[in-house]
Amino acid sequence: MKYSFKNDYSEGCHPRILEALSRHNMSQQVGYGLDEFSQSVETIIQEKTQCSVAKVHLVSGGTQANLIVISSILRPYQSVISATTGHIFTNESGAIEATGHKVHGVETPHGKLTPEHIQEVLDSHTNIPHQVMPKLVYISNSTEIGTIYTRAELEKLSLFCKEKGLYLFMDGARLGHALTAEPNDLTLEDIAHYTDVFYLGGTKNGALIGEAIVMTNPKLQDNFGFHIKQKGAMLAKGRLLGIQFLELLRDDWYLELATHANQQAMKLKKAFESLGYSFLADTYTNQIFPILKNSDIEHLSQYFDFYVWKPIDETTFAIRLITSWATPDDAVAHFIEILKKRK
């Protein structure tokens with residue numbers, strides 16, 4: 001069977017999560033996120049972000065989190081700005097548009113939005129009330145192409161959004177990988193300070209399922225539970241999410257799992273670099289995008305599964321290799337061995 005580098009959620013979950021779920025299986029708990037585990041997660045995240053006013057809501061997946069957050073913030077005539085590589089723009093089957101909100105896609109060279117990108121959208125939407133009103137900026141960290149925001153970039157973006165009366169929302173499906181990337185200078189405290197809402201992704205970092213939405217702006221917190229319930233995301237057995245995040249956040253284990261994934265990806269990156277390959281983007285997280293000839297892709301595909309991401313020209317393509325908390329050393333070593341023999 002071929003080893004898969006297609007995604008970071010091929011395995012179920014870390015055994016430590018299963019053990020915790022089993023250990024607390026017969027403990028009776030209040031439902032709908034009011035269990036002691038979920039309540040403890042909120043307290044821990046408030047402490048880690050140094051944001052005592054933060055409200056934490058646990059939902060099952062990233063698309064669900066994006067859909068609920070964005071639709072809860074926007075009025076019917078308002079819209080959201082995203083990079084064209086953003087998950088809500090490319091990979092959520094029109095989930096945001098299905099709630100009646102337009103998504104403005106902006107081309108960016110590295111998957112990251114800047115104030116200049118946002119200003120372009122604002123400048124083309126001044127004919128109010130005849131056009132939709134851009135009101136929310138959606139970013140991902142790490143981005144869909146594995147890049148990360150620096151503290152200076154996020155601060156600049158945050159100040160711009162406040163000046164323009166826009167909300168800033170960070171998709172954190174792979175936030176653990178961003179926070180543990182070698183050049184990262186952001187902390188959870190920074191992210192809580194500079195965004196209005198963000199989430200910690202568990203699905204792609206060791207959990208069975210789950211994302212922890214962190215609402216730091218009190219203006220957005222009222223009645224958020226109604227939106228969760230109405231969208232079918234309020235689990236009666238909310239404990240299933242609470243137990244997992246309680247375990248992930250214990251002793252910074254969340255960051256430890258992400259660190260492993262990044263380190264495995266960087267081994268692959270260094271191997272490609274040593275053989276003279278170039279990349280679609282310079283990444284330090286668990287996603288790399290080397291550019292290969294089609295013949296090389298066909299050869300590697302005999303041994304491994306991965307996505308052919310983007311055509312570069314008629315004969316070369318960028319592929320995506322993604323590692324996870326579970327990626328073993330021998331799978332990485334085998335890939336590097338096959339790659340070097342091919343070269």
Side-chain angles (χ1 to χ4, degrees), residues 4-9 62 81-92 105-118 120 137-154 156-157 170-186 191 201 204-205 258-259 261-294 296-297 300 304-324 327 332 335-336 339:
S4 176
F5 288 98
K6 274 193 166 184
N7 57 55
D8 41 10
Y9 45 88
I81 301 169
S82 165
T84 53
T85 52
H87 208 264
I88 64 169
F89 191 79
T90 60
N91 287 302
E92 294 187 356
V106 180
E107 291 285 345
T108 66
H110 305 297
K112 298 189 288 184
L113 287 178
T114 66
E116 290 73 25
H117 292 133
I118 299 167
E120 290 176 13
V137 174
Y138 165 93
I139 60 174
S140 302
N141 198 32
S142 60
T143 70
E144 289 299 303
I145 55 172
T147 53
I148 63 173
Y149 284 86
T150 66
R151 187 179 190 278
E153 288 170 338
L154 187 60
K156 186 178 180 181
L157 201 54
M170 178 183 285
D171 177 327
R174 293 190 175 98
L175 186 55
H177 307 95
L179 291 172
T180 55
E182 184 181 341
N184 173 65
D185 62 353
L186 276 171
I191 291 170
K204 296 174 180 176
N205 197 32
T259 297
N262 287 351
Q263 289 173 342
Q264 299 296 62
M266 291 304 97
K267 292 177 187 177
L268 294 171
K269 179 183 178 181
K270 289 176 182 176
F272 278 105
E273 287 177 332
S274 69
L275 296 171
Y277 288 95
S278 57
F279 297 82
L280 181 65
D282 188 23
T283 67
Y284 293 87
T285 57
N286 67 324
Q287 298 183 85
I288 65 169
F289 297 83
I291 297 172
L292 284 69
K293 292 180 181 179
N294 191 50
D296 292 333
I297 294 173
L300 289 169
F304 307 97
D305 283 330
F306 50 82
Y307 282 114
V308 178
W309 196 256
K310 181 180 180 180
I312 304 302
D313 55 37
E314 292 182 357
T315 60
T316 59
F317 298 81
I319 67 170
R320 184 183 80 165
L321 298 173
I322 187 163
T323 52
S324 80
T327 303
V332 173
F335 189 99
I336 293 172
L339 180 68

Quiz item: Out of Thr259, Ile322, Leu321, Thr323, which one pairs with Gln264 under the side chain to side chain contact (heavy atoms under 4.5 Å, CB included) rule?
Solution: Thr323
Quiz item: Is any side-chain heavy atom of Lys293 closer than 4.5 Å to a side-chain heavy atom of Thr316?
Solution: yes
Quiz item: Between His87 and Glu92, do the side chains contain an N or O donor and an N or O acceptor separated by less than 3.5 Å?
Solution: yes
Practice problem: Evaluate the side-chain proximity of Thr114 to Leu157: yes if any heavy-atom separation is below 4.5 Å, no if none is. | Solution: no
Quiz item: Leu113 versus Tyr138: any side-chain heavy-atom pair under 4.5 Å?
Solution: no
Quiz item: Checking Glu153 side chain against Thr150 main chain: does a donor-acceptor pair fall under 3.5 Å?
Solution: yes
Quiz item: If we only count heavy atoms from C-beta on, is the Phe317 to Ile291 side-chain gap below 4.5 Å?
Solution: no
Quiz item: When you check the side-chain N and O atoms of Asp8 and Asn286, is any donor under 3.5 Å from an acceptor?
Solution: yes
Practice problem: Look at atom NE2 of His117 and say whether more than 12 heavy atoms of other residues, nucleotides or ligands are closer to it than 6.0 Å. | Solution: yes
Quiz item: Any donor-acceptor pair under 3.5 Å linking the side chain of Thr147 with the backbone of His110?
Solution: yes
Quiz item: Is there side-chain contact between Phe335 and Leu300, with at least one heavy-atom pair below 4.5 Å?
Solution: yes
Quiz prompt | Side-chain touch Ile288/Leu268, heavy atoms, less than 4.5 angstrom | solution = yes
Quiz item: Side-chain donor-acceptor pair under 3.5 Å between Thr285 and Gln287, yes or no?
Solution: no
Self-check item: Residue pairs, two or more places apart or on separate chains, that pass salt bridge (Lys or Arg N to Asp or Glu O under 4.0 Å) and touch residues 268-286
Solution: Lys269-Asp282
Self-check item: Short side-chain donor-acceptor distance under 3.5 Å, Asn262 and Thr180
Solution: yes
Practice problem: Please confirm whether Lys6 makes a cation-pi placement over Phe306, using NZ or CZ under 6.0 Å from the six-membered ring centre and within 45° of the ring normal. | Solution: no
Quiz item: Would you say the side chain of Asp305 lies within less than 4.5 Å of the side chain of Phe5, judging by non-hydrogen atoms?
Solution: no
Quiz item: Distance-only, no hydrogens or angles: does the Lys112 side chain make a donor-acceptor pair with backbone N or O of Thr143 under 3.5 Å?
Solution: no
Quiz item: Taking the side chain as C-beta and beyond, is there a heavy-atom pair between Met170 and Ser140 under 4.5 Å?
Solution: no
